[in-house]
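Notes follow the structure.
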2 protein chains.
Amino acid sequence: MSNLTDKFAALADETRLSVVERLLDEGELPAGALVADATISGPAISRHLKVLRAAGLVHQRADGTKRFYSVRPEGLRAISEWTMDHRSFWEAGLDRLEALLAEEEE
Amino acid sequence: MSNLTDKFAALADETRLSVVERLLDEGELPAGALVADATISGPAISRHLKVLRAAGLVHQRADGTKRFYSVRPEGLRAISEWTMDHRSFWEAGLDRLEALLAEEEE
DNA sequence: ACATTATTTAACACATTTGTTAAATAATGT
DNA sequence: ACATTATTTAACAAATGTGTTAAATAATGT
């Protein structure tokens with residue numbers, strides 16, 4: 001499904017990271033909606049979406065002439081899993097992570 | 001401390017990701033040890049280390065003529081926190097993450 | 001069939017990244 | 001002071017990435 005460095009590379013661009021975050025916040029959106037709010041051209045956004053898709057971070061769904069994009073959970077999970085593999089290193093104790101978990105379990 | 005896209009960019013290169021993973025596995029290492037196992041030149045590795053440092057992912061410590069590198073927990077944590085901020089999206093239930101936690105709590 | 005709307009692909013310019021080798025810097029030992 | 005060891009900086013070529021505008025493709029409505 002494309003490798004981890006491809007995913008990091010995809011998120012290494014401010015425009016692409018913004019697109020992903022917007023799709024996470026607002027859910028599925030057509031390319032046009034992303035172009036509308038961007039400062040760069042349609043073709044530029046289109047190519048950024050292609051990079052995100054190649055990295056396995058977003059999914060494309062066609063409906064009429066529109067192309068709806070959404071974040072692929074597996075894509076984000078791959079990154080999360082990498083950090084989790086090394087969690088014992090960056091997390092001194094389990095307290096912090098457990099606190100995060102507890103927060104959302106309410 | 002440099003932003004998130006810089007960290008993603010730093011990890012978007014296979015050589016740099018390998019360096020980080022090696023430092024995670026083996027702990028602090030001098031630049032020379034990383035050069036020894038690399039297929040590319042010393043200067044190339046040196047510049048990769050500079051990128052990782054600028055991204056806040058590794059720390060450099062001087063001892064004599066040697067420069068020891070190690071992973072900065074805060075650097076990895078920044079990435080982990082980004083995925084955690086969107087955890088509810090990529091993680092259908094909490095089962096999977098809890099399983100991961102349980103694994104290491106033994 | 002033709003026009004419209006939505007999006008992508010092509011062609012190109014410019015900037016950034018990544019590798020190389022040679023030279024510079026820095027600390028240590030003789 | 002000088003040589004040695006460890007690493008970085010400089011200069012440059014080749015590859016990659018990002019933006020632009022113009023043209024191509026695709027689905028839908030008239």
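Only a predicted model underlies this, so the values are computations on that prediction, with no experimental measurement involved. Note: hydrogens, waters and symmetry copies are ignored here, and every other heavy atom, side chains too, is used. A note on names: the letters A, B, ... follow the listed sequences, proteins ahead of strands, and every chain is numbered from 1.
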Does the side chain of B:W90 come under 3.5 Å of the side chain of A:E81 through a donor N or O and an acceptor N or O?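 The criterion, which ignores hydrogens and geometry beyond distance, is not satisfied for A:E81 and B:W90.
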Check: B:H48/B:R16 side-chain N/O donor and acceptor closer than 3.5 Å: yes
Mapping A:A9 and A:P43 onto DNA chain D by nearest heavy atom, which one lands closer to the 5' end?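 On the 5' side of the pair lies A:A9.
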Flag yes if B:V51 and B:I45 sit in one hydrophobic cluster, no otherwise; membership is Ile, Leu, Val, Met, Phe, Trp, Tyr, and two members link when side-chain heavy atoms are under 4.5 Å apart. no
Transitive ILVMFWY side-chain link A:Y69 to B:F89, under 4.5 Å: yes
Tell me if a side-chain donor or acceptor on B:S70 pairs with a main-chain N or O of B:E28 at a distance below 3.5 Å. no
Provide, to the nearest angstrom, the distance between the CD atom belonging to A:E14 and the C1' atom belonging to D:dG19. 16 Å
Quick one: A:D6 CG to D:dT16 P, roughly how many Å, whole number?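 Atom-to-atom, A:D6 to D:dT16, this comes out as 13 Å.
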Can you give the first and last nucleotides of DNA chain C, 5' to 3', that have an atom under 4.0 Å from a heavy atom of chain B?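 That gives a stretch of C:dT18 to C:dT28.
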Take A:A44 and A:T65, find for each the nucleotide of DNA chain C with the closest heavy atom, and name the residue whose nucleotide sits nearer the 5' end.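 The residue closer to the strand's 5' end, by nearest nucleotide, is A:T65.
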For [X], which contact category applies under a 4.0 Å heavy-atom criterion: base, sugar-phosphate, or nothing?
{"X": "B:Y69", "answer": "sugar-phosphate"}
{"X": "A:Q60", "answer": "sugar-phosphate"}
{"X": "B:R16", "answer": "sugar-phosphate"}

Carboxylate-amine/guanidinium contact B:R87 B:E91, below 4.0 Å: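 Salt bridge: no.
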Side-chain heavy atoms of B:W82 within contact of B:R77, under 4.5 Å: no
Stepwise side-chain contact (heavy atoms from CB on, under 4.5 Å) check, B:F8 with A:K7: CA-CA 9 Å; B:F8 282 134; A:K7 292 187 211 307; over 6 Å; no
Can you give the dot-bracket line for DNA chain C, where a pair is Watson-Crick or G-U wobble with both atom distances under 3.5 Å, crossing pairs use [ ], and | marks a partner on another strand? ||||||||||||||||||||||||||||||
